[in-house]
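Throughout, protein chains are lettered first and strands after them, A, B, ... in sequence-line order, and every chain is numbered starting at 1. Since the model is a prediction, treat every value here as computed from it, not as a measurement.
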Amino acid sequence: MEILRAIIEPSLETALEKVGVKGDFWKKALGPSRERDQGDLSLPCFPFAKQLGRNPADIATELSTLLSGDYDISTAGGYLNFSAKPDWLCSKVMPASEMPGTKNVLIEHTSANPNGPFHVGRARNAILGDTLVRLNRMYGNEVRAEYYVDDMGKQVGVLAWAIANLSKDQVDSLLEGKDGVNPRWNGKPDHEMVRWYQAAQLMREDKDPVIEEAIGKLVHASEHGDDSVLKQFEDAYQPVLDGMLETLSRLGIDFDTFTKESKFVVEGTVSKLMERLAGLEIHGMADNGAHFLDLGQRGLKGKTEFFYRRGDGSSLYATRDIAYHMWKWQQCDELINVLGEDHKLQAKQVSMTLQELGEKVPEVMFYAFIKLPEGKMSTRRGNVVFMDDLLEEAQAQAASVVKELRPELGMDEVTKIAEAVGVSAVRYNITKVSPDKGFTFRWEEALSFEGESAPFIMYSHTRACSIAKRVGRGPIADSKGEIPPAMHDLLRTMACFVDKLSHSVKENKPHTFALYLLELATSYNSFYRDCHVVKDGVVDEFNFAVSEKAREMLCSGMIGVGIIPLESM
RNA sequence: GGGCGUAUGAUGUAGUUUGGAUAUCAUAUCGGCCUUCUAAGCCGAUUACCGGGGUUCAAAUCCCCGUACGCCCGCCA
C-alpha cells in the first residue's frame, strides 16, 4: 500500500533517528503485512537489534510511542504494524487516481508464422502479449501493439509453393485418413489453407529433389528481396493471416501495426547491418564464407558462434530480427517482446549483438508451453486443441449455464452473455498463471466458470451494476458514513489497485494483476453481503458511493486483463 | 554432454527479484446459508514449501550438491 508508505516513511525516519538507527536500509524491510489482521504495512525490527544491542520487541514498542498519524500502530513479536485509519483510507481511495505511466512502449507479440490456425499453445503468446498491452495502457503508457509478419523464408515458401502447385483434390488425397477441417470452420482460410501446407510437408518427407529445388529457389529469392516472389508469398499467407486475426479478434486482441520481415531486406538495412557486424572485434568467418560473431568472448556459454550471414551472402532470421530491433528502437522509449521459451537462446544472441552495436536491449517476456495430457501439442500428429474450437466449446458451455440460471432470457441475450463469458474465461485461465510456468491444458479447467475464473469476477461486477441500476442515478460525492469490517476490507483492497498494476507492468507479469482482480471481487462480495445499498427501498448513500467506486475499479481492471465487463449475466 | 527454466496440500496455483510473523487462493471432499440489491455467490472444516548440506537472530525465498520434468544447443524460422 504505497499511499500509506508515503505518509509513514518521513515520520518513521525521524523516529528511527531518535532511537539511534543509522542508514535507510529499513526502507526495503517495510513491506505489506503478512496477515491482513496484522495491518497494512509492517516493519520487522530484528535488523535494528544488532545495531542497537537491544531487544527487537523493545525497539518496536519505543518506536510505536514516537509515531502518530493517519494510521494505527501496534507491535507484535518484534514487528511494528501499521494500519491505515479507515476514514483516511476512504478519503484516499474514493477520488480518481492518477495513472503514473508516461512512456512510449512498443510491444511486439504473437508474430506467429502465417501458415495455419492458432492452437491453444500458440495463442498463449497473443493472450499474454495483449494483456501486457492493455495493462500498459491502463497504467498510462502510450502503447503500440505490433505484429512482426514472417513473410519470407521456408515456412511461407512451402505454403506458397503448395498453393501454386497443388490442386484441392491432390491436397485432399494426400491428407486422406487425417482429421479434416471441422465443418464449423469451412471457409475460414487459416483452417482451409493449412491443408496445403500440411500436404506439402508430407510430400517433402519423400525428399523429391525437384520439389526441394523449387521450394529452395523460392526461399532463396525471398531472402534476396525478389519482389515478385515476395508478392506471391504475400498472396499465399495474407488470407491465412486474416483467418488467424479473426480468431484473435474474437479474443479481443488486435494490433496497431504489422511490420513485414522482408521490409528490412528490401530496404537494405539488413545488408548495411551485416557490413557493420563484419567490422566488429568478435567477428569471424567460416570456411564457406559464412559470417558469425563469437559471443563466447562476451561471456555466452554453450554454443558461442552466432551465425548471421550464410555462405551465399543471404541473411538469417536472427539477423533480420536485429535490424528490426534497431528500427523499433527509433520509435519508442521501451521495447517489450513476448516470446516462447524456445526462443531464449536466440533472444540472448540478438540482445548481445545489439549491445555490441551500442544499442539498447529489449525486455523480453518468455512463456513456457502449454502441453496436452497426451504430451506436446503438435499439428502434425493431430495432437492439438485449436483456439477456435476451444472458444466455440466455451461459448456452448457458457450458454448452457446461462440458460439454466436465467431461464427468462431470450436467445439473443443468452448468446451475447455466453460469448462474453466463454471468451473471458478462456483468456483468464491462461492469463492468471505465471508465464514461466508450463501447464497442461485440460478442458475442465479451461472451461471452469467458478472459483478463480473470469466469470467469478464478472459476477461481482454485475452485482454492482445491478445495484447501480436499481438506484438509477450516480452516487453523491463525498458521502461519509460508518465503515464496517467488510467495507474496510474492500477499501484496503481497492487501495492496492495501482500498486498491483505498477508491479504487473514493471515486471511484465500480467498474472499478478489478474490475481489481484480476484481479491478485489472477493472483497466486493463480502461488502455486498454485509453492506447493503438499498435497505427497505432507501439508498444508503455512503455504501452506494463505495459500491460505485468498486464497480468502476472492477470494470477497468477487467478491461485491463481482457475480461468483458457485462452489466448482466 | 553443456546452457536455461520449473518443482509449494489429493489436484492446480500465489509468494522467490528485495530473506522476516501462524505460507496465498482455488478445485475436490464434508457441513451450513436463497421471504432482503443476481447462490457463477457467502460462511466453516480438512490437507503442502522435491531431497541433502550451508549462510543467518531469521530460509519457500540466498549459496552448494543431487533428483525429476520442460525448453534450447541448425549457415531453420
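Residue pairs meeting the salt bridge (Lys or Arg N to Asp or Glu O under 4.0 Å) criterion with at least one partner in residues 41-56 of chain A, sequence neighbours excluded, are A:Arg54-A:Glu62.
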So which protein N/O to nucleotides 41-47 of chain B N/O distances come out below 3.5 Å?
unit_1 : atom_1 : unit_2   : atom_2 : d
B:G41  : OP1    : A:Gly451 : N      : 3.2
B:G41  : O3'    : A:Asn525 : ND2    : 3.2
B:G41  : O2'    : A:Arg463 : NH1    : 2.8
B:G41  : O2'    : A:Arg463 : NH2    : 3.0
B:C42  : OP1    : A:Asn525 : ND2    : 3.4
B:C42  : O3'    : A:Arg529 : NH1    : 2.9
B:C42  : O2'    : A:Arg529 : NH1    : 2.8

Pairs under 3.5 Å (N/O, protein and nucleotides 1-3 of chain B):
none

Report all interatomic pairs (protein N or O, nucleotide N or O of nucleotides 12-20 of chain B) with separations under 3.5 Å.
unit_1 : atom_1 : unit_2   : atom_2 : d
B:G12  : N2     : A:Glu452 : OE1    : 3.1
B:A14  : OP1    : A:Ser434 : N      : 2.9
B:A14  : OP2    : A:Lys437 : NZ     : 2.7
B:G15  : OP1    : A:His511 : NE2    : 3.2
B:U17  : O2     : A:Glu507 : OE1    : 3.1
B:G20  : O3'    : A:Tyr79  : OH     : 3.4
B:G20  : O2'    : A:Tyr79  : OH     : 2.5

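Base orientation for B:C34: syn, the chi torsion being within 90° of 0.
Taking the P atoms as reference points, B:U67 lies 28 Å from B:G15, given to the whole Å. Spacing between B:U61 and B:C49 at atom P, rounded to whole Å, works out to 12 Å. Annotation: B:G51 and B:U11 have their C1' atoms spaced 22 Å apart (nearest Å). Remark: the separation of the C1' atoms in B:C34 and B:A39 is 7 Å, to the nearest Å.
Both A:Lys303 and A:Ser42 lie near RNA chain B, and the one whose nearest nucleotide falls closer to the 5' end is A:Ser42. When the nearest nucleotides of RNA chain B are assigned to A:Ala76 and A:Thr462 by heavy-atom distance, the more 5′-ward of the two goes with A:Ala76.
Proximity of A:Phe366 to A:Asp436: side-chain heavy atoms (C-beta onward) are nowhere separated by under 4.5 Å.
Sorted by residue number, the members of residues 314-325 of chain A with any non-hydrogen atom under 4.0 Å from RNA chain B read A:Leu316, A:Tyr317, A:Arg320. Listed in residue order, the members of residues 532-543 of chain A having a heavy atom less than 4.0 Å from RNA chain B are A:His532, A:Val533, A:Val534.
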request  = Might you work through the ring-ring contact (aromatic ring centres under 6.0 Å, His included) test for A:Phe456 and A:Tyr459, ending with a clear yes or no?
outcome  = CA-CA 5 Å; A:Phe456 177 93; A:Tyr459 193 72; 8.4 Å; no
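Between A:Arg36 and B:U22 there is no side-chain polar atom (N or O) within less than 4.0 angstrom of OP1 or OP2.
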